[in-house]
Structures are given as C-alpha cells and as structure tokens.
Engineer: 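Sending over a structure as structure tokens; questions will come in a sec.
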Amino acid sequence: MATTEHPPARRLRTWLLEGLSDMGKGGGHTGPHAEPEPPHKGQPWYRVMCLTGVDYFSTLGYQPGIAALAAGLLSPIATIILVIVTLAGALPVYRRVAEESPHGEGSISMLERLLSFWKGKLFVLTLLGFAATDFLITITLSAADASTHLVENPHLTEMLHGQQMLITLILVALLGAVFLKGFLEAIGVAVALVALYLGLNAVVVIVGLWHVITEGHVITDWSSALTAEHGNVFVMIGMALIVFPKLALGLSGFETGVAVMPHVKGDPDDTEDRPKGRIRDTKKLLTAAAVIMSVLLIATSFITTMLIPEKELEDGGQANGRALAFLAHEYLGNAFGTLYDISTIAILWFAGASAMAGLLNLMPRYLPRYGMAPQWARAVRPMVIVFTLVAFLVTWIFDADVDAQGGAYATGVLVLISSAAIAVTIAARKARQRGWTITFAVISAVFLYTTVANVIERPDGVKIGACFIAGIILISLMSRLARAFELRVTSLTMDDMAERFIRDMSHRRIRFIANEPDRRDKAEYRDKIEQIRNDNDLPQQEDFVFVEVTVTDPSEFEAGLTVRGEVLHNRYRVLTLESSSIPNALAALLLHVRDTTNCIPHIYFEWTEGTPFANFLRFFLFGQGEVAPVTREVLREAEPKRQKRPRVHVG
C-alpha cells in the first residue's frame with residue numbers, strides 16, 4: 001500500500017529550509033529575502049529605541065565593573081572622556097549615517113558604494129567579519145554575564161557555584177532554539193524590558209549616590225588616593241586618555257540603532273527614496289539613547305569606583321561582571337537585588353536575541369548578492385545552527401569569562417564605528433562640505449587611535465575578528481566557486497530591434513555567433529562569418545546574428561540583462577549585452593530565445609587559446625575565459641533535458 005509519508009531525512013531538510021525567513025513575519029527581518037514591508041509602516045521612534053536599547057543599555061550589566069577594573073581610580077574620569085567621544089564623535093557620525101543610509105544598511109553599504117570590483121567585495125567581507133565578531137561576542141558575552149548574575153545571586157550561589165560555563169552554553173542553546181522555532185522581534189517586549197531595567201538602574205544609582213554623599217569620607221578617600229597615585233589633574237587626564245580605549249564597550253549600540261531604522265514610522269508623506277520623517281526620528285532615537293546611556297555611564301562608574309572594594313571587582317570577586325547587581329544586593333537587600341538580577345538576565349538574554357537578529361539580517365544583505373553563500377544560507381534555520389555552534393566555540397575558548405571577551409567585543413564595535421566615521425568623512429568631502437569633512441576626519445582619527453590602542457592592549461579581539469574574516473572569505477569563495485555555473489540572470493529584456501531580429505530568425509534556423517568585439521569594422525564581421533562556416537562546414541546561405549557581451553563588474557554575481565539590437569555596415573545584425581559574466585549572459589539569452597520562439601537556437605564559438613585552468617580562473621575572477629564550454633555547462637545545469645537544451649558548437 002502506498003504511503004504519502006516523507007522519509008525523516010526529507011522532513012528534516014524541508015523543516016530546515018522552510019521559507020526564506022521566519023523573521024519576515026511582522027516586519028522583524030529587513031533583509032532582501034524577507035517579505036516586503038508595507039511602505040512607511042512602523043513604530044514611534046521611542047519604542048524602536050528600546051529595540052536597540054536591549055543591546056546598548058544592557059552593557060550596564062558589565063561595563064561599570066570592567067571600567068573600574070581597567071581604569072581603577074580613574075574610572076569616572078575615563079568614563080567622562082568616553083561620554084565626550086560618544087556625544088561629540090559617535091553620535092554625529094551615526095546621525096550622518098542615518099541620512100546617507102535610511103533603509104538600515106548602515107555604514108558598510110556606504111563604503112561598498114565607494115569601491116567596485118573585487119576590492120570592494122573583499123573590503124565588505126572584511127567588515128562583515130568584524131560585524132560578525134561584534135554580534136557573536138554580544139551573544140556570548142551577554143550570556144556569560146547573565147550566568148554570572150545567576151551564579152552570584154546569594155540565593156543560588158551554593159547550588160550553582162562552578163556551573164557558569166554550563167549555564168552560559170544552555171542560555172546560548174536556548175537562544176538558538178527560540179530562533180529555530182521562529183523568532184519575531186517583539187518591540188513591545190523590548191519596551192517592557194528596557195523600562196524595567198532602566199527604572200531599576202535609576203534606583204540603584206540614586207541610592208548609591210545617596211551613600212556617597214552621606215558618607216563624606218568616601219569622596220575624600222578617593223580624591224586623596226587619586227592625587228597620591230597620579231599627582232595633578234593634568235596627569236590624571238593624560239592617564240585617562242590612555243586607558244579610556246579599554247572602556248570602548250560603552251560605545252556599542254550605534255550600528256544596531258541604524259539597523260533598526262526600517263522600523264521607525266516617520267511621516268505619512270515619506271517616500272522610499274527620501275524618508276525624511278524616518279531620518280529625523282532616527283536621529284532622535286540615536287540622540288536619546290546616547291544621552292540616556294551617557295548619564296548612566298557617568299553615574300554608575302562613579303558609584304562603582306566609590307563604593308565597591310577593588311578586590312571584589314577582580315576575577316573571583318563578588319562584583320566581577322556584576323558591579324551594579326552587587327550594589328543592589330548590598331544596599332537594597334536580596335529581594336530587590338534578586339529582582340535586579342532577573343531583569344539583568346532578561347535584558348542580557350534579549351540583547352543576545354537582538355544580536356542574532358542582526359546577524360540574520362546583515363549577512364543576507366551581501367553574501368547571496370555576491371554569490372558568496374550556499375543556497376541554504378537564504379533560510380534562517382541553517383544559519384541559526386551555524387551561529388549557535390560558533391557561539392558555543394567562542395564561549396568554550398573564553399571559558400565563559402566576561403572580562404576575557406571584552407577586548408574582542410570592543411574591537412568589533414570600534415572597527416565598525418571607525419569605518420562609519422571614515423564613510424561619513426568621504427561622504428562630506430564628496431558633498432563639498434569642508435567644515436563637516438574636517439570634523440569627521442578628526443573624529444575618524446580619534447576612533448582609529450582608540451581602535452589601534454585597544455588592539456595593542458587586547459589583541460584577542462583582532463585575532464577573533466581575523467578568524468571570522470578568514471572563515472567568511474574562505475567559505476564565500478568556495479560558495480562562489482560552487483555556484484559559478486548557475487544562470488545568475490534575474491531578468492532579461494529586449495529592445496524593439498532585438499525582438500525584430502529574433503522574430504525574423506524564428507521562421508528558420510536560429511543561429512548566433514558569439515563575437516568578442518574588436519574594431520567592429522566590416523572586415524571583422526565578414527571574416528568571422530567565413531571562419532564559422534569553414535569550421536562547422538555550413539552552407540553559404542545560412543543566416544547569422546552576432547552576439548557581443550561586454551563585461552562590466554565581474555565581481556557582481558547576478559543582475560538583469562538588457563539586450564539591444566543594431567545593424568552595422570548596413571548588413572550585419574548584432575545583439576549587444578552588458579553583464580558580469582559572458583557565458584552566463586549568453587546562456588540566459590539562448591534560453592530566453594528558446595522560450596519565446598519555441599525553437600532551439602544554435603550558437604557558434606571558436607576555441608580560446610590558453611590552458612583550461614588559466615581560462616577557468618579568468619572566468620571565475622573576470623567573467624571571461626574559455627567561454628564555449630562554460631556556456632554549455634551553464635545551459636546543462638539550467639536545462640536538464642538534453643533535447644530542449646540550446647545547441648553549442650565550437651570550431
């Protein structure tokens with residue numbers, strides 16, 4: 001008896017590749033493979049701010065402790081410098097990025113437009129490597145810090161002591177499982193989490209400041225120790241300038257803030273070409289988030305330095321990775337502290353979800369368009385599995401240690417901010433805005449210094465970034481190689497003259513001659529026809545149409561084709577095309593002619609001089625080379641039935 005039940009392997013494959021993106025539902029995913037959003041549909045900017053806020057504000061879970069550990073007594077001064085860099089540097093840069101890239105592509109797309117051919121693709125892949133570092137370390141670091149808050153809770157510390165690695169892996173696995181099931185970016189959940197978390201932090205800050213003020217000796221002891229250690233205020237500022245790159249974690253969130261732009265509602269009269277309302281409100285979003293975070297960074301670094309003993313901030317101390325939670329338990333009791341722990345764990349976990357969503361949104365914008373991703377990379381679930389396994393590996397390498405991952409996280413953040421600063425500098429220069437060009441150039445120099453200083457101090461970040469870059473480039477090139485013989489043409493249109501040529505030939509045998517244009521004089525076409533007739537033993541009365549393909553950008557993977565017809569020297573009919581690849585363009589033309597005329601076309605080539613391997617490399621890198629066999633292979637993959645396949649002749 002026949003059964004309709006599918007084998008388990010097929011069911012698993014269907015489930016893994018189901019849809020292009022589960023996150024496309026509800027406007028959660030804005031990549032090119034998501035379901036298109038209705039125009040201008042979105043949320044008020046202050047609600048969308050909470051979506052980026054789960055990433056940005058959640059750094060308060062570990063930033064004050066890392067700052068105090070890295071800068072010591074100078075932590076408040078170094079944090080003030082960080083805030084100045086944030087408000088006077090990163091904020092103006094990303095407000096300009098919002099103007100230049102209003103659909104959420106970010107600074108990477110701005111730089112992509114400045115470079116063409118393979119150097120542009122490789123540059124973008126390098127930036128994607130650092131972006132992957134940023135987002136993946138956000139997942140692993142946030143999970144590690146969430147497990148720290150759980151393990152160090154007074155009610156659970158005895159039961160969970162020594163289990164931080166296991167808990168971190170479980171949190172990462174839980175994150176992956178949620179995305180495998182189908183995750184919808186719930187702005188409402190983000191709003192609730194951010195409101196609760198900021199409210200609890202406000203309580204901790206107010207209570208902490210109260211204790212600092214009422215216990216007058218605290219400030220006196222700090223200022224005396226600071227003076228004894230560093231001498232005068234100028235030395236303090238100089239030292240703070242040196243150590244402030246270690247605090248760069250406090251700059252995270254700007255790239256995410258631009259990525260969520262498509263969710264911002266804007267004005268009713270916004271257009272996709274120029275959504276002025278969305279740009280204006282995104283600037284409000286970025287400014288509000290930066291101001292809120294700046295106030296909290298200064299306040300929390302101040303109370304952390306004043307109230308927490310240094311030994312408690314070090315590795316193994318009760319405040320390590322959870323400075324504000326330590327203060328919450330210390331001054332507000334274990335009940336409030338436990339509530340703070342719960343809210344911190346929730347927002348840190350959701351920050352990991354935001355980072356995973358960012359990865360799933362960012363990679364499909366570029367890799368499939370470059371042909372540098374396998375077909376299964378267009379589906380969410382396989383990518384979730386890949387990112388989750390990589391997160392497991394990173395967690396194991398860093399032993400679920402928050403401090404150890406800080407350098408890698410900061411490197412990813414700083415590279416992206418530096419690239420954004422350079423991008424807006426170039427944009428301002430192109431717009432002939434001399435004042436903004438100088439301003440952004442200075443900001444770029446500051447961020448480049450900060451990036452270099454961070455890399456020198458903590459090289460782990462650039463090592464991890466280099467691993468991601470190497471992995472992305474290697475896998476991308478292998479994918480491009482595996483997909484080299486795909487049709488790679490999204491659409492094909494013909495002008496009136498080209499259509500007239502095809503209609504005329506459809507009444508007899510359709511014969512094309514592939515020609516590499518040179519002088520395009522009468523002798524070139526006459527000699528070519530004579531050569532093809534002799535090589536293939538064709539009678540004199542046979543009629544031909546020439547096809548000439550001009551290679552534009554060979555690094556592009558897929559694009560539409562426009563075919564134009566012209567008559568040269570009052571005799572020779574020529575079809576001209578522009579494409580990134582000659583064989584793929586010819587194959588697309590032949591299949592289009594077959595489908596529109598119901599006739600099998602023939603195309604004639606001459607053999608290309610040179611070794612097959614060298615010619616294949618020319619095809620792979622420059623879109624030309626041994627055209628005839630590659631055209632035939634593209635046709636074979638596109639049309640499995642031999643009798644319906646256009647005929648390829650080589651002489």
Engineer: Any chance you could measure Ser343, atom OG, to Asn201, atom CG, to the nearest 0.5 Å?
Structural biologist: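 So the gap between those two atoms works out to 7.0 Å.
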
Engineer: Quick one: does Phe398's side chain get under 4.5 Å of Thr140's, heavy atoms only?
Structural biologist: no

Engineer: How far apart are the C-alpha atoms of Ser418 and Thr451, what are their side-chain angles, what is the distance that settles it, and do they pass the side chain to side chain donor-acceptor pair (under 3.5 Å) test?
Structural biologist: CA-CA 8 Å; Ser418 298; Thr451 304; 3.0 Å; yes

Engineer: Which distance, rounded to the nearest 0.5 Å, do you find between the CD1 of Ile345 and the CH2 of Trp349?
Structural biologist: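 Going from the CD1 atom of Ile345 to the CH2 atom of Trp349 covers 13.0 Å.
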
Engineer: Got Leu416 and Asp134 here, is their nearest side-chain heavy-atom distance under 4.5 Å?
Structural biologist: yes

Engineer: Provide the closest heavy-atom pair for Ser147 versus Ile167 in the form atom of the first, atom of the second, distance.
Structural biologist: CB-CG2, 3.5 Å

Engineer: Main chain of Val97, side chain of Ser101: is a donor-acceptor contact present, judged purely on distance under 3.5 Å?
Structural biologist: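 Here the side-chain-to-backbone pair does not exist.
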
Engineer: Might you point out which heavy atoms bring Phe447 and Gly89 nearest each other, and give the distance in Å?
Structural biologist: CE1-C, 3.9 Å

Engineer: Is a donor on one side and an acceptor on the other found under 3.5 Å between the side chain of Asp145 and the backbone of Leu141?
Structural biologist: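 Looks like no, no N/O pair under 3.5 Å.
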
Engineer: Rounded to the nearest 0.5 Å, what separates atom CZ in Phe326 from atom CD in Glu312?
Structural biologist: 4.5 Å

Engineer: Judged by atom type as modelled, is there a donor-acceptor pair below 3.5 Å linking the side chain of Glu100 to the main-chain atoms of Val424?
Structural biologist: no

Engineer: Donor-acceptor pairs under 3.5 angstrom involving side-chain atoms of residues 281-289: please list them, not counting sequence neighbours.
Structural biologist:
| from | atom 1 | to | atom 2 | distance (Å) |
| --- | --- | --- | --- | --- |
| Thr282 | OG1 | Arg278 | O | 2.7 |
| Lys283 | NZ | Glu99 | OE2 | 2.3 |
| Thr287 | OG1 | Arg95 | NH1 | 2.8 |
| Thr287 | OG1 | Lys283 | O | 2.8 |

Engineer: Show the nearest heavy-atom pair for residues Val204 and Phe336, with the distance to one decimal.
Structural biologist: CG2-CE2, 3.8 Å

Engineer: Taking side chain to side chain contact (heavy atoms under 4.5 Å, CB included) as the definition, give me every residue that meets it alongside Ile397, ordered by chain and number, with sequence neighbours left out.
Structural biologist: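 Scan of Ile397 (side chain to side chain contact (heavy atoms under 4.5 Å, CB included), adjacent residues dropped) gives Leu393.
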
Engineer: Side-chain contact, heavy-atom cut-off 4.5 Å: Met293 with Thr59?
Structural biologist: yes

Engineer: So, the side chain of Thr52 versus the backbone of Met49: is there a donor-acceptor pair under 3.5 Å, distance only?
Structural biologist: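 Answer holds: no.
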
Engineer: With side chains defined as the heavy atoms from C-beta onward, is the minimum distance between Val390 and Leu136 less than 4.5 Å?
Structural biologist: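 Yes, close enough: below the 4.5 Å cut-off.
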
Engineer: Output all residues satisfying ring pair (Phe, Tyr, Trp, His ring centres under 6.0 Å) with Phe254, sequence neighbours left out; order by chain, then residue number.
Structural biologist: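 Counting only residues at least two positions away or on another chain, Phe254 forms a ring pair (Phe, Tyr, Trp, His ring centres under 6.0 Å) with Tyr56, Tyr94.
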
Engineer: Considering only heavy atoms from C-beta outward, does the side chain of Thr168 approach that of Met165 to under 4.5 Å?
Structural biologist: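 Result no, sub-4.5 Å side-chain heavy-atom pair not found.
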
